[in-house]
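This report concerns only the one structure given below.
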Amino acid sequence: MNHIRTRTTRTRRTALVVATAAAAFVLAACGGDGGNDDGGSAHEGPHGSASASAETGSTTGSSTTGSESGENAHNAQDVAFAQGMIPHHRQALEMARLAADRSASAAVEDLAARIEKAQDPEITTMTGWLTAWGEDVPEPAPSNTSTGSTGSTGTESMPGMDHSAHSGMPGMMGGQDMAELERASGRAFDTMFLTMMVEHHEGAVEMAGTEKAKGRYAPAKALADDIITAQNAEITEMNKLLGKK
């Protein structure tokens, strides 16, 4: 399928973008305002409401998929959504946390902080659903990266990720991509980060669209809808930072 790329293809494409995008790169024009006026609320509005409703709903789950009735009913797609989006979000956080000491742009640093602020609590929320349903919660796997992190229950003490384990998931980066991002700094980091995060967000939007179409659990479908809204807004913001219309 088109959205499933090999690590080599993605790495080659990323390297090409880094080599060619500098001429069109417009981060400097953004100044120190920390992102555009619309981007600052992209996550905090819809994601906050979805997480709150989802956490309320997660306490009434069942270990038997689809055994509930009404708003608390869930199906196999809801389980797959949570089990897939948790590692997907974890990788986004790993990427975002690299920006603090590598980015040359206040706008990129602000975006990365907003991504972390929104997605970290969502991991906790989805973990709660899976626990309530008696389903397996994906475990962070050790990797060769040196990236460390601290955060909420969903991502605490995460030494890194085994990126190859989820490389077939829409928008997920491979281990070589992540290693190159970790080694980059300054404008090269910003270009690579934005290019990779656009693809990562597009994958999350695709996964969320499947949940909206096939899921049953109302809080999960609400979270999926909010992910689509917030991440599409951030894709637009990132493309502007990259100089794309």
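Bear in mind that the values here come from a model prediction, so they are computed numbers and not experimental data.
Using a 30° and 60° split on the angle between ring planes, His200 and His88 fall in the tilted class, from 30° to 60°.
Taking all atoms of both residues into account, the shortest heavy-atom contact from Ala208 to Phe81 is CA-CE1, 4.0 Å. Closest approach of Tyr217 and Asp78 over heavy atoms only: N-OD2, 2.8 Å. Met169 and Pro87 make their closest contact through CE-CG, 4.2 Å (heavy atoms, listed as atom of the first residue, atom of the second, distance). Closest approach of Pro138 and Gln83 over heavy atoms only: CG-O, 3.3 Å. The nearest pair of heavy atoms linking Ala204 to Ile227 is O-CG2, 4.2 Å.
Between Glu199 and Met173, the closest side-chain pair of non-hydrogen atoms falls below 4.5 Å. Two residues are said to be in side-chain contact when any heavy atoms from C-beta on lie closer than 4.5 Å; Leu194 and Lys240 fail this criterion. Counting only heavy atoms from C-beta outward, the side chains of Glu211 and Arg216 never approach each other to under 4.5 Å. Under the 4.5 Å side-chain criterion, counting only non-hydrogen atoms from C-beta, Val198 is not in contact with Glu234. Looking at Asp136 and Leu130, their side chains never come closer than 4.5 Å, going by heavy atoms from C-beta outward. Looking at heavy atoms from C-beta onward, Gln119 lies out of side-chain contact with Arg90 at the 4.5 angstrom threshold.
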*Would Met196 and Thr191 satisfy side-chain contact (heavy atoms from CB on, under 4.5 Å), going step by step from the backbone distance to the final call?*
CA-CA 9 Å; Met196 291 170 63; Thr191 305; over 6 Å; no

*Could you walk me through whether Met126 and His89 pass the side-chain contact (heavy atoms from CB on, under 4.5 Å) test, one step at a time?*
CA-CA 11 Å; Met126 291 183 286; His89 273 19; 3.9 Å; yes

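Checked against side chain to side chain contact (heavy atoms under 4.5 Å, CB included), Ala96 has the following partners two or more places apart in sequence or in another chain: Ala112, Ile115. Evaluation of the side chain to side chain contact (heavy atoms under 4.5 Å, CB included) rule for Ala100 yields no partner, not counting sequence neighbours. By the side-chain hydrogen bond (donor to acceptor under 3.5 Å, both in side chains) test, Lys212 is found to be paired with Asp225, residues two or more places apart in sequence or in another chain being considered. In this structure Thr131 satisfies the side chain to side chain contact (heavy atoms under 4.5 Å, CB included) test together with Thr127, Val137, sequence neighbours excluded. Listed by chain and residue number, nothing satisfies the side-chain hydrogen bond (donor to acceptor under 3.5 Å, both in side chains) test with Asn232 (two or more places apart in sequence, or in another chain).
For the residue pair Asp190 and Ser105, no side-chain donor N or O sits within less than 3.5 Å of a side-chain acceptor on the partner.
Residue pairs that meet the ring pair (Phe, Tyr, Trp, His ring centres under 6.0 Å) test with at least one member in residues 168-199, sequence neighbours left out, are Phe189-Phe193.
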